[in-house]
J.: 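Sharing a structure below in structure tokens format, with a few things to ask.
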2 protein chains.
Amino acid sequence: MTTSAPELVRVLGALADDTRWQILDRLGTSAASASALAQELPVTRQAIARHLTQLQDVGLVTPVRAGREIRWTATADRLVEVGDQLRAVADGWTRRLQTVKRLAEAADSDPDPDRSG
Amino acid sequence: MTTSAPELVRVLGALADDTRWQILDRLGTSAASASALAQELPVTRQAIARHLTQLQDVGLVTPVRAGREIRWTATADRLVEVGDQLRAVADGWTRRLQTVKRLAEAADSDPDPDRSG
DNA sequence: GGTATGTGCAACGCCACGATTGCAGACGAT
DNA sequence: ATCGTCTGCAATCGTGGCGTTGCACATACC
């Protein structure tokens, strides 16, 4: 496993914000500093800095010092992990729900098969 | 495409809550009504009802009337869609960032190749 | 018809989140 | 050494989300 269940909720929380997606999309194109992002997006540099630390906490962005400034990059691998994890959960649902459905259908045509044994 | 960008943020927002995940995990096992969920989870039925409508708005649960009660089921297909969409975004990042990296390396060994034309 | 169970809507309080402003420290350039 | 720029921390404000309580309506069962 790559992420615990409560961690997954934190990552999803980080992804559940429009401004952070703007930042991520921008950093998915090329690296940029917080000040540079503040000039491109309609929010303050401090707000962007907070978002960046939050994104870094869940591993969605990576900082790289370049002189006196810090260039940030979107971490694609982390996003892939989240996507795979969601699909894994979905697979678990389909299996269990199909099992329940089969049991219901079996009980419909043959109610209480345990008695026969 | 299955989901627009702002819709994706809404779905992720619905997934960014611990109580809603408890509901989803429970409904991923078998269908249940809001009242039944209220007896299993440490929250009120009204709170669960609000969560269910929110999850329904983004297509993560499906209601089915069974007599006087409404049984809800987790929609696995929707979660798969979200996972695939996240992976698609991640793929876009990796391609663009690798392109930028190549350009940087090319400029390192051959600075300003445009002049040669 | 009466009772019990399940659902629906509205109002309220509480807390976290997003964004802003202000100030201070650190590093590079001149 | 000085100036300009980038970063960092703290305080504040407004808004939205989560949960609760209370009441009203609909439906199945006796």
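Every chain is numbered from 1, with letters handed out A, B, ... down the list of sequences.
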J.: Rounded to the nearest Å, what distance is computed from the CZ atom of residue Arg68(A) to the P atom of nucleotide dC3(D)?
T.: 15 Å
J.: Could you tell me whether the side chain of Gln46(A) has a donor or acceptor atom within less than 3.5 Å of a complementary atom in the base of dG8(D)?
T.: yes
J.: Measure the OG1-CZ distance between Thr62(B) and Arg78(B) for me, rounded to the nearest 0.5 Å.
T.: 11.0 Å
J.: Just how far, in rounded Å, is P of dT7(D) from CH2 of Trp72(A)?
T.: 9 Å
J.: Measure CD1/Ile48(A) against P/dC9(D) and give the value in whole Å, please.
T.: 17 Å
J.: For dG17(D), does OP1 or OP2 lie under 4.0 Å from any side-chain N or O of Gln54(B)?
T.: no
J.: Can you list, in residue-number order, the parts of residues 9-38 of chain A that come under 4.0 Å of DNA chain D, counting heavy atoms only?
T.: Ser33(A), Ala34(A), Ser35(A)
J.: Do the non-hydrogen side-chain atoms of Ile48(A) and Leu52(A) ever get within less than 4.5 Å of each other?
T.: yes
J.: Map His51(A) and Gly67(A) onto DNA chain C by nearest heavy atom, then report which one ends up closer to the 5' terminus.
T.: His51(A)
J.: Is there a side-chain contact between Gln22(A) and Val43(A) (heavy atoms, below 4.5 Å)?
T.: no
J.: With a 4.5 Å cut-off on side-chain heavy atoms, are Leu79(A) and Leu15(A) touching?
T.: yes
J.: Distance check needed: dG8(D) C1' versus Glu69(A) CD, whole Å only.
T.: 16 Å
J.: Would you mind reading off the distance between Arg50(A) atom CZ and dT7(D) atom C1', rounded to a whole angstrom?
T.: 15 Å
J.: Run the salt-bridge test on Arg45(B) and Glu69(B) with the 4.0 Å N-O cut-off and return the result as yes or no.
T.: no
J.: Do the non-hydrogen side-chain atoms of Arg10(B) and Asp57(B) ever get within less than 4.5 Å of each other?
T.: yes
J.: Counting only heavy atoms not in Arg20(A), do more than 12 sit closer than 6.0 Å to its CZ atom?
T.: yes
J.: Check whether any side-chain heavy atom of Asp25(A) lies under 4.5 Å from a side-chain heavy atom of Trp93(B), and answer yes or no.
T.: yes
J.: If an axis is fit to five pairs at each end of the helix from dG1(C)-dC30(D) to dT30(C)-dA1(D), what is the angle between the two, to the nearest 10°?
T.: 30°
J.: I need the Leu55(A) CG to Asp17(A) CG distance, nearest 0.5 Å.
T.: 9.0 Å
J.: My understanding is that only one of Thr75(B), Val11(B), Ile23(B) makes a side chain to side chain contact (heavy atoms under 4.5 Å, CB included) with Leu60(B); could you say which?
T.: Val11(B)
J.: So does Arg26(A) have more than 12 non-hydrogen atoms from other groups sitting under 6.0 Å from CZ?
T.: yes
J.: With no angle test and no hydrogens, is the base of dG8(D) tied to the side chain of Arg45(A) by a donor-acceptor pair under 3.5 Å?
T.: yes
J.: Walking along DNA chain C from 5' to 3', note the first and the last nucleotide with an atom under 4.0 Å from a heavy atom of chain B, and give both.
T.: dA4(C) to dC9(C)
